[in-house]
Amino acid sequence: MNNCFFCKILNREIPSKFIYEDDVCFAVNDINPKAKKHILVIPKEHIVSLNYVEDLNLIKDLFSAIRKINKQENITDFKTLINTGKNAGQEVNHLHIHILSN
Ligand code: AMP
Ligand code: ZN
């Protein structure tokens with residue numbers, strides 16, 4: 001039983017529009033945007049947080065995806081954010097990278 005929000009989005013149990021998808025990750029618009037464009041890049045594998053990443057090639061793949069997504073969305077100036085741990089503001093315990101652009 002997996003009650004993870006992002007796994008549910010991936011498994012289409014929660015309806016959400018994928019703006020990008022590849023073998024490793026997918027991206028959706030944040031449901032509660034904190035910038036004009038607020039995108040979440042989410043690995044398909046359920047990994048709790050950055051602290052649980054074993055193969056750091058995943059990080060390279062996620063940032064490679066970010067560059068493709070930004071090209072697709074005409075984003076040139078942006079911030080990336082990874083909240084790690086409850087006390088740092090991580091609400092969903094499935095690794096994700098925020099793209100924020102105004
Ligand atoms: P974090 O605080 O880093 O864990 O970020 C979790 C983010 O997920 C927040 O910015 C939420 O607004 C966003 N979020 C939660 N549920 C959904 C959903 N169903 N679809 C898109 N974004 C979501
Ligand atoms: Zn998950």
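In each ligand, atom 1 is the first atom listed, and ligand 1 is the first ligand listed.
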For this session: Identify, by atom number and element, the atoms of ligand 1 in contact range of Ile9, meaning under 4.0 Å from any of its heavy atoms.
Result: 18 (C), 19 (N), 20 (N)

Exercise. Does CG in Asp55 sit with more than 12 non-hydrogen atoms of other residues, nucleotides or ligands closer than 6.0 Å?
Worked result: yes

Exercise. What atoms of ligand 1 come within less than 4.0 Å of a heavy atom belonging to His96?
Worked result: 1 (P), 3 (O), 4 (O), 5 (O), 6 (C)

For this session: Salt-bridge test for Glu91 and Lys86: reply yes if a basic N is under 4.0 Å from a carboxylate O, no otherwise.
Result: no

For this session: Mind checking the CD1-NZ spacing from Ile19 to Lys37? Nearest 0.5 Å is all I need.
Result: 8.5 Å

Problem set entry | Test of proximity, His38 against ligand 1: N or O pairs below 3.5 Å | no

For this session: For His98, take its heavy atoms, then give the atoms of ligand 1 lying under 4.0 Å from any of them.
Result: 1 (P), 3 (O), 5 (O), 10 (O)

Exercise. Which angle, to the nearest 10 degrees, do you find at the Zn ion (ligand 2) between SG in Cys4 and SG in Cys7?
Worked result: 120°

Exercise. Between NE2 of His46 and SG of Cys4, what distance do you get to the nearest 0.5 Å?
Worked result: 5.0 Å

Exercise. Looking at ligand 1, does any of its N/O atoms fall within less than 3.5 Å of an N/O of Lys34?
Worked result: yes

Seminar exercise, completed: Quick note on ligand 1: atoms under 4.0 Å from a heavy atom of Phe6 include exactly 8 (O)

Seminar exercise, completed: Looking at His46, the N/O/S atom that lies nearest to the Zn ion (ligand 2) is called ND1

Exercise. In Å and rounded to the nearest 0.5 Å, what is the CZ to CD1 distance from Phe5 to Ile42?
Worked result: 11.5 Å

Problem set entry | Heavy atoms from other residues, nucleotides or ligands near NZ of Lys36 exceed 12 (cutoff 6.0 Å) | no

Problem set entry | Nearest-0.5 Å distance that lies between atom NZ in Lys44 and atom SG in Cys7 | 12.0 Å

For this session: Distance to 0.1 Å, residue and atom name: give those for the protein heavy atom nearest to atom 4 (O) of ligand 1.
Result: Glu91 N, 2.7 Å

Problem set entry | Gap separating the CZ atom of Phe6 from the CG atom of Asn11, nearest 0.5 angstrom | 13.5 Å

Exercise. Is the shortest N/O to N/O distance between Asn83 and ligand 1 below 3.5 Å?
Worked result: yes

Exercise. Any idea which N/O/S atom from His94 gets closest to the Zn ion (ligand 2)?
Worked result: ND1

Exercise. Backbone, side chain, both or neither: what part of Leu40 comes under 4.0 angstrom of ligand 1, heavy atoms only?
Worked result: side chain

Seminar exercise, completed: Within 4.0 Å of some non-hydrogen atom of Asn32, the atoms of ligand 1 are 12 (O)

Exercise. So is Asn93 in contact with ligand 1, going by heavy-atom distances below 4.0 Å?
Worked result: no

For this session: Between Asn29 and ligand 1, find which residue part has any heavy-atom pair under 4.0 Å and reply side chain, backbone, both or neither.
Result: backbone

For this session: Report yes or no: do Asn32 and Asp30 form a side-chain donor-acceptor pair below 3.5 Å?
Result: no

For this session: Quickly, which of Ile82, Val48, Asn83 forms a side-chain contact (heavy atoms from CB on, under 4.5 Å) with Leu95? Name it, please.
Result: Ile82

Problem set entry | Nearest non-hydrogen partners of Gly85 and Gln90, listed with the distance | N-OE1, 2.8 Å

Problem set entry | Gly89 neighbourhood, listing ligand 1 atoms whose heavy-atom distance to it stays under 4.0 Å | 1 (P), 2 (O)

Seminar exercise, completed: Closest heavy-atom approach to atom 7 (C) of ligand 1 among Leu81, Val92, Asp30 is made by Asp30

Seminar exercise, completed: Among Ile97, Ile14, Ile31, the residue with a heavy atom nearest to atom 22 (N) of ligand 1 is Ile31

